[in-house]
Amino acid sequence: MATTVTALVCALLSLLSISHSVHGIKRWPGGGSTRFYDFKVQTKRVTKLCSSKEIVTINEMYPGPVVYAQEDDRVIVRVTNLTPHNATIHWHGVWQRLSCWFDGPSYITQCPIQAGQTFSYEFTLVQQKGTFFWHAHFSWLRATVYGAFIVYPKPGVPYPFPYPYEEHIIILGEYWLKDALKLEQAVLASGGGAPMADAYTINGHPGPNYNCSANDVYRINVVPGKTYLLRLINAGLNTENFFAIANHKLTIVEADAEYTKALPTDKVMLGPGQTLNVLVTANQPISRYSMAVGPYMSARNVPFQNITSVGYFQYLGATPNSISLPAMLPSFNDNLAVKTVMDGLRGLNTSDVPKVIDKNLFVTIGVNVQKCNRKNPKKNCKGTNGGVFAASMNNISFIRPNVSLLEAYYRDRAGYFTDDFPGAPLKFYDFVNVAPNNAPIDTNSMNGTRVFVLEYGTRVQFILQDTGTVSTENHPIHLHGYSFYVVGYGTGNYNPDSANFNLVDPPYMNTIGVPVGGWAAIRFTADNPGVWFMHCHLEIHLSWGLSVAIIVKNGQGALETLPHPPADYPRC
C-alpha cells in the first residue's frame, strides 16, 4: 500500500472532485464535493503461505482500494457484483445521516447485491473526518473484502497535533487457507467453535515468521528524526490484536475517527472494527525495527494463531539485510495492558456529552450453548458438553430475516420482526463469577428477530455487561449509524452505586471493547432515523447471533425523516 502525504492527497482530491447535484444533497450545508468510485466485486488468485487460492476482492485488490474524501463531501460508490456470491459493503463508522438505505449490513438495511447486479451507495460525510474503513457485510466475506476510507479535514483546517512528515495506512487482518464462505458454513454446521486463522497480516502481508513468506512483508521506509502518522485499522474476523513497533513510542491522537487527547503508549490493542491514529517519531539509531501484530485472546479454551505477523519500520541508511530488532508484545491474555490504554483515553471535543438520560438499557453480552437437537450429534453438536454454540444480547440470539429489515419497517410489513427486545435481562445474578455454566442444561438462549424502538431525540444510555456463561471475554461491540461517548468502563459486575463515570472528556467511539469480565457504559442521542445494527465485531459471534437491531423513529420535518429508498435498491 502506497504511503500518503497529506498535502499531496488533499491537492489530488481537489483536482479529482466533480461538482454534481445529487438528490438529497440539498439537505445539508454546502461546501463539499462529490467523490465517485467504481467497485467491482470479483475474484483474484493469490499465493500465500505456500498455497494458491481464489479470494473475493474489490477491483482485484487485496486489501481493496482506498477511498479518499474530505469532511462534508458526498460519496458515490457504484458496486457491481461479478462473482456468484451475494455481497454488500458497509462504510464502517460513517453515520449515514438520513441515508440508512446505504449502510450495508445484509438483511438489516438491504438485501444483498446478487450475482450480476449493481447498486450505488450514496451518502454525505456530515461533520465527519478521520480514519474509517469499508468492508463486506455478508457472511465472512470481510476476510478479504476490506479497505481504508480516509476522510481529511476541510481545506485549511489543521490537525490538532503536530503535522506529520508522512501518513501510512496499516490494516490488520487474518488470512485463511480455506474459503471464508465455506468456512462459516462448516462452523455453523458443526455447532462448534471457529478454527484459528492461518496467519495474521499487515496490509495483506503475513511477514517472515510464516512459511513461504520471507518476501511477503509490508515495510515503511522512514527518515531519521521525522514524525509519522500511522492510521491503524483492524479488519480481522475473529481475533483482537496487539500492535507495537520495536523501541518506539506510539502516541494515540484519534480513536474511531474522533480526535483524542494525546496518549503516549508502547503498544495498543485493536479489536475488529476499531481504528486508531498514532504518531511515531523515528528517533532511534538507524536500523530496521519490527512492526508486530499478535493476538489478544481473553476467552478461555479458544484456539488462536500464536505466530506473530511482522512488518518493517526501516530507517533510511539501514542495510537492506540488517537484522530486524524485535517488538515486545504483551502476552496473549494481558487484560491489564488493554485496560490501561482504555483508562487513559480521553476525548478532545466533548461539549455535547448527554448529561441527562431519557432511556437506560442494561444489556448482557455472552456466548451460549443450545441443547443439541440435531440428527447427527457427533458431527453437528461440537459445542461445550455436546451442545451447539450460540451468542446473545440479554439472552436473545438475533435471527436475521430473509428480507431487508429496514424496508419491512419502512413499508410497515408485519411478520418479519417484533419490537420486544428487553431493556434489561430477565434475571439478574452475578454475571461474571457465578453465571449459569452447566452447559447445555441452562445456557440456552432464546431466538428471535427482536428489535428495540427509540423515539427520535431520545438520550440513551447502554450498560453493556460481559457474562461468564461459557467464558468471560472482551467483546468489540459496534453500533451502526452513530458514534457514542464511552462514559464508563470497569471490571466485574456493573454497580451504579460504585461505578465511576466520566462526563467531562470521554472518548467518542463507534466500537467499544466491552472488557473481559467487565462492563462499559455508552451514551448517544438518537437523532438519526432508521434501522441500526448493534453487534459484536467478532464474526463468529455475529454468526451466532450476538446482535440486535435498533429502530429510531422519524422526527419532525425533512431533516428528521428518512427519505424513500433508492431506485436501484436490491431485492431479495
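Nothing here was measured: the structure is a model prediction, and the numbers come from that model.
Sorted by first and then second residue, the disulfide (SG to SG under 2.5 Å) pairs with a member in residues 207-236 read Cys50-Cys212; sequence neighbours excluded.
Tyr312 carries Arg288 over the face of its six-membered ring, with the cationic atom under 6.0 Å from the centre and within 45° of the normal. With a 6.0 Å cutoff to the six-membered ring centre and a 45° limit on the axis angle, Arg231 counts as a cation-pi contact of Tyr152.
In this view, Gln96 and Ser99 satisfy the side-chain hydrogen bond (donor to acceptor under 3.5 Å, both in side chains) rule, not counting sequence neighbours. Annotation: side-chain contact (heavy atoms from CB on, under 4.5 Å) contacts of Lys53 (sequence neighbours excluded): Ile55, Tyr175. Scored by the side-chain hydrogen bond (donor to acceptor under 3.5 Å, both in side chains) test, Thr525 finds no partners at all (sequence neighbours excluded). By the side-chain contact (heavy atoms from CB on, under 4.5 Å) test, Thr340 is found to be paired with Leu336, residues two or more places apart in sequence or in another chain being considered. For Ser543, the side-chain hydrogen bond (donor to acceptor under 3.5 Å, both in side chains) criterion is met by Trp140, Glu184, not counting sequence neighbours.
Between Asp198 and Lys48 there is no salt bridge, since none of the side-chain N atoms of the basic residue sits less than 4.0 Å from a carboxylate O of the acidic one. The residues Glu71 and Lys129 are annotated as salt-bridged, a charged nitrogen and a carboxylate oxygen being separated by less than 4.0 angstrom. Using a 4.0 Å cut-off between charged nitrogen and carboxylate oxygen, Lys44 and Glu54 do not count as a salt-bridge pair.
Ring centroids of Phe39 and Tyr121 are separated by 6.0 Å or more, keeping the two rings apart. Taking the six-membered ring wherever Trp is involved, the centroid distance between the rings of Phe484 and Tyr482 does not fall below 6.0 Å. With ring centers used as reference points, Phe102 lies 6.0 Å or more from Trp91. Checked against the 6.0 Å centroid criterion, the rings of His92 and Phe133 qualify as a close aromatic pair. Taking the six-membered ring wherever Trp is involved, the centroid distance between the rings of Phe304 and Phe332 falls below 6.0 Å.
Looking at Ser139, its side chain never comes within 3.5 Å of a backbone N or O of Leu141 through a donor-acceptor pair. Checking side-chain atoms of Asn209 against main-chain N and O of Ser309 turns up no donor-acceptor pair under 3.5 Å. Side-chain atoms of Thr350 come within 3.5 Å of backbone N or O of Val504 as a donor-acceptor pair. At least one donor-acceptor pair under 3.5 Å links the side chain of Thr83 to the backbone N or O of His85. Side-chain atoms of Glu254 come within 3.5 Å of backbone atoms of Thr131 as a donor-acceptor pair (strictly under, hydrogens ignored). A donor-acceptor distance shorter than 3.5 angstrom exists from the side chain of Asn238 to the backbone of Ile540, with no hydrogens or angles considered. Not one N or O on the side chain of Thr251 forms a donor-acceptor pair closer than 3.5 Å with the backbone of Pro264. For the pair Asp256 (side chain) and Thr511 (backbone), a donor-acceptor distance under 3.5 Å is present. Glu473 contributes no side-chain N or O that, together with a main-chain N or O of Val516, makes up a donor-acceptor pair within less than 3.5 Å. Gln128 places a side-chain N or O within donor-acceptor distance of the main-chain N or O of Trp95, the cut-off being under 3.5 Å.
One finds the CG atom of Leu263 at 4.5 Å from the CD1 atom of Ile252 (value rounded to the nearest 0.5 Å). Rounded to the nearest 0.5 Å, atoms CG (Asp103) and CD1 (Ile89) are 12.0 Å apart. Atom OH of Tyr146 is separated from atom CG of Leu172 by 9.0 Å, given to the nearest 0.5 angstrom. In this structure, Leu542 CG and Arg142 CZ are separated by 8.5 Å, a value rounded to the nearest 0.5 Å.
Contact of the Ile202 side chain with the Ile170 side chain is registered, since non-hydrogen atoms from C-beta on lie closer than 4.5 Å. Contact annotation: the side chain of Leu325 approaches that of Asn247 to within less than 4.5 Å [non-hydrogen atoms, C-beta and beyond]. Gln284 is listed as a side-chain neighbour of Tyr289, based on a closest heavy-atom distance under 4.5 Å. Residues Ile512 and Pro476 fail the side-chain proximity criterion, which asks for heavy atoms closer than 4.5 Å. Leu250 is not listed as a side-chain neighbour of Asp266, based on a closest heavy-atom distance of 4.5 Å or more. Side-chain atoms of Val46 and Thr57, non-hydrogen and from C-beta on, never get closer than 4.5 Å to each other. Within the 4.5 Å cutoff, the side chain of Asn277 has no heavy atoms near those of the Leu230 side chain. A heavy-atom distance below 4.5 Å is not found between the side chains of Thr275 and Asn234.
When each of His480, His90, His135, His475 is paired with His537, the ring-ring contact (aromatic ring centres under 6.0 Å, His included) condition holds for His135 and for no other.
The aromatic rings of Tyr228 and Tyr165 lie perpendicular to each other, with more than 60° between the two planes, well past the 30° mark.
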Dump the intermediate steps for side chain to side chain donor-acceptor pair (under 3.5 Å) on His535 and Ser547, then the final yes or no. CA-CA 4 Å; His535 64 90; Ser547 55; over 6 Å; no
Any chance you could lay out the side chain to side chain donor-acceptor pair (under 3.5 Å) test for Glu166 and His168, step after step, and finish with the verdict? CA-CA 7 Å; Glu166 283 183 348; His168 295 260; 3.0 Å; yes
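A side-chain N or O of Thr239 and one of Glu174 form a donor-acceptor pair less than 3.5 Å apart. Residues Asn335 and Tyr296 bring a donor and an acceptor atom of their side chains to less than 3.5 Å of each other. For Ser106 and Thr88, the side-chain atoms include no donor-acceptor pair closer than 3.5 Å. Remark: the Ser331 side chain and the Asn333 side chain contain an N/O donor-acceptor pair separated by less than 3.5 Å.
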